[in-house]
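Please read the structure below before turning to the comments.
The first residue of the sequence shown is numbered 1, and numbering continues consecutively from there. Scope of the values below: all heavy atoms of this structure, side chains included, with no hydrogens, waters or symmetry mates. Note that this is a predicted model, so its numbers are computed, not measured.
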Amino acid sequence: MTLHRSGCVDYRFASQLFVLTGLFFVVWGHAIFAPYWQDDFLFLVEARDARISGMSVFDQLVNLPEAGYWRPLGVQAYWRLLEGVFGGNVLVTHAFGVFLHLLSAVLVGCLCATFLVAIGRRDISKKGGLYGGFLYSIHPAHFVAVVWVAAANSTLSIIFSVLTLIALLISMVQGRGWKIWNILMPVFFALALLTRESVAVLPALGVILYLIVKPKRVSRALAVSALVSIAVLFLWLLTRQSMVGDVGEEYSPVLGLNVFRNIAGLFAFTIGIPREAVRFVVEQHSMAALLWALASSVFYVSVFALLARAGRNAVGREKSGLLMLFFLVGCAIYVILAWNCYGYYVSLSLVAYALFAALALSQGIRPAAVLGVAVLGSVLSLYVNYALPYPSLIGRANWAEDQLREINELLGTHAREVERRGLDVHVENRHKFFAIGPSGIAYTLGIRADKIRVRHDQDIARTDRFVLVVPDSGHAYLADSFPAFLSDTD
């Protein structure tokens, strides 16, 4: 490949970087305009109430309510930033989420480049990092983590996890003596643990990278950094045990048929099948959803086939086997969950995909075909999501946005009176309303969430409280405006 240079500028690389960055925004630009839904409102209200009460971010982090998880950096601190600095603006918040995903992809690219240098392929490290980072960035498994703000802790965990692995690789090849990366490795690992608990597998992933790189010797500095990182893990485990309560039933570890279902789901997400396609096939027996799933998978199976062909000689059996082990270890913790299974559960595992692609695409193959097929597969897999009706995630989110807009028109000017008297919300479709919840109404009206009671019965009695009805179809309305609705209780 001929490189056109002027001084230190590699114009071919710069042009490729420019084009691939543009394609990144083609794939993910639509996510900026997604609405809030479900847990977003819960975290927004929590952050707003903490700010109004004068509670500092640090005080909030050390006085967390007991929950099924402990993610002070990935949840509490992050939402204080979104609510306090960005004012909870939904457009700015989603734009920031897309930026974080771009940052995670850049860091994966840096990891790929560092990996290639560590195995003695400095000559292809720059373009390998570019290709690996880009393929990682556009994989459709990231969909929920990018469009749902409440799942951004996954992106944050990838950022700190990849920084941990970069520090490890640099420490392997830097030789003797203490360097900044030896100090940073346990620091990054600690930050990753505070964003999401699934990154506890990082020491195992580090061992796999060590087996691939096979450094000539382990420096004393690296050995100390590794021991400190293990100590950080044990300290985190002890602290977490005192901070968390019972996890939800759907997140409980179970050994049963759920294991096979989760393995099938994680495999489907890896080959580009959208989670919503699976939902519509299983729940509604939709032939269109089945065709969507098959078409999306064809593109990504093709990508994997092209990479396998390119990497047959470039990567070798041993490295390929260890990278496959990296992938499996990265998502193994999710296999035993009782019920829920999301695409971003393979986010850490896909780092192995990026590493393999970086090595395979940098030798003996034109990358344009692989990159082009991946882009087409991602666009097909992702863009259909935005047009889906209920019960899809985006369909429910759009419904919630419409309902909250109507609720604000009904009650926004009377918010203080609503907070004084209280609000009963009668819900016809629980699953739909879960996208709003009491927190959604509380955040929209600027009132306390504990002033809102959700009712699922159909009988509405006379009360001093405001009474809001959220129907299955149509807009929300105040029951007092419809006397006929109260005829049974008059």
Side-chain angles (χ1 to χ4, degrees), residues 30-45 48 87-91 93-94 147-150 276 279-280 283-284 384-490:
H30 207 307
I32 295 174
F33 305 101
Y36 286 135
W37 81 89
Q38 206 163 299
D39 291 357
D40 293 342
F41 295 119
L42 181 67
F43 296 136
L44 279 168
V45 169
R48 183 199 64 188
N89 183 283
V90 64
L91 187 65
T93 295
H94 278 94
V147 301
W148 191 18
V149 187
E276 295 306 303
R279 180 203 298 273
F280 277 81
E283 295 183 1
Q284 301 189 2
V384 176
N385 282 284
Y386 300 110
L388 291 176
Y390 175 82
S392 73
L393 288 176
I394 296 298
R396 289 169 59 212
N398 290 333
W399 176 85
E401 184 180 41
D402 291 340
Q403 293 294 337
L404 288 172
R405 187 182 298 113
E406 184 69 20
I407 292 170
N408 191 49
E409 291 179 3
L410 290 171
L411 298 172
T413 57
H414 308 290
R416 299 283 69 83
E417 182 66 14
V418 172
E419 186 167 44
R420 186 183 70 82
R421 290 171 53 186
L423 176 66
D424 283 348
V425 183
H426 288 255
V427 177
E428 292 185 7
N429 187 321
R430 299 188 186 192
H431 186 252
K432 269 188 178 181
F433 186 75
F434 196 50
I436 299 176
S439 296
I441 298 175
Y443 184 75
T444 299
L445 298 179
I447 66 176
R448 289 164 46 191
D450 60 4
K451 292 295 184 177
I452 301 171
R453 296 187 312 199
V454 178
R455 305 281 300 271
H456 300 291
D457 55 84
Q458 297 299 314
D459 296 327
I460 301 178
R462 291 291 188 185
T463 175
D464 290 335
R465 299 169 65 88
F466 282 83
V467 178
L468 181 73
V469 179
V470 181
D472 186 24
S473 59
H475 290 297
Y477 59 86
L478 289 172
D480 289 343
S481 301
F482 294 80
F485 192 81
L486 301 175
S487 59
D488 293 338
T489 59
D490 284 345

Got a second to check how far [X]'s [atom1] is from [Y]'s [atom2], nearest 0.5 Å?
X    : Y    : atom1 : atom2 : result
R421 : K451 : CZ    : NZ    : 12.5 Å
L411 : L478 : CG    : CG    : 5.0 Å
H414 : E419 : NE2   : CD    : 15.0 Å
E409 : E406 : CD    : CD    : 5.0 Å
I436 : I441 : CD1   : CD1   : 6.0 Å
R465 : L423 : CZ    : CG    : 7.0 Å

Shortest non-hydrogen contact from [X] to [Y]?
X    : Y    : result
V427 : N429 : CG1-O, 3.4 Å
P391 : F280 : CD-CZ, 3.7 Å
V45  : S439 : CG2-O, 3.4 Å
V454 : P438 : CG2-CG, 3.6 Å
D402 : H475 : O-ND1, 4.4 Å
K432 : D472 : NZ-O, 2.7 Å

State, yes or no, whether a side-chain contact exists between [X] and [Y] at a heavy-atom distance under 4.5 Å.
X    : Y    : answer
D424 : F466 : no
N398 : P35  : yes
R405 : E401 : yes

Closer than 3.5 angstrom, by distance alone: can the side chain of [X] be matched with the main-chain N or O of [Y] as a donor-acceptor pair?
X    : Y    : answer
R455 : V425 : no
W37  : W399 : no
D40  : A150 : yes
Q403 : G474 : yes
Y36  : G88  : yes
H94  : V147 : yes
N408 : L404 : no

Mind listing the side-chain donor-acceptor pairs of residues 443-450 below 3.5 Å, one per line with the distance, residues two or more places apart or on another chain?
| from | atom 1 | to | atom 2 | distance (Å) |
| --- | --- | --- | --- | --- |
| T444 | OG1 | G440 | O | 2.7 |
| R448 | NE | D450 | OD1 | 3.2 |
| R448 | NH2 | D450 | OD1 | 3.4 |
| R448 | NH2 | D450 | OD2 | 2.8 |

Checklist entry - Quick one: ring-ring contact (aromatic ring centres under 6.0 Å, His included) partners of Y386, sequence neighbours excluded? => result H30, F143, Y383
Next on the checklist: Suppose we screen for ring-ring contact (aromatic ring centres under 6.0 Å, His included). Which residues come up paired with H431, at least two apart in sequence or across chains?
Outcome noted: Y390
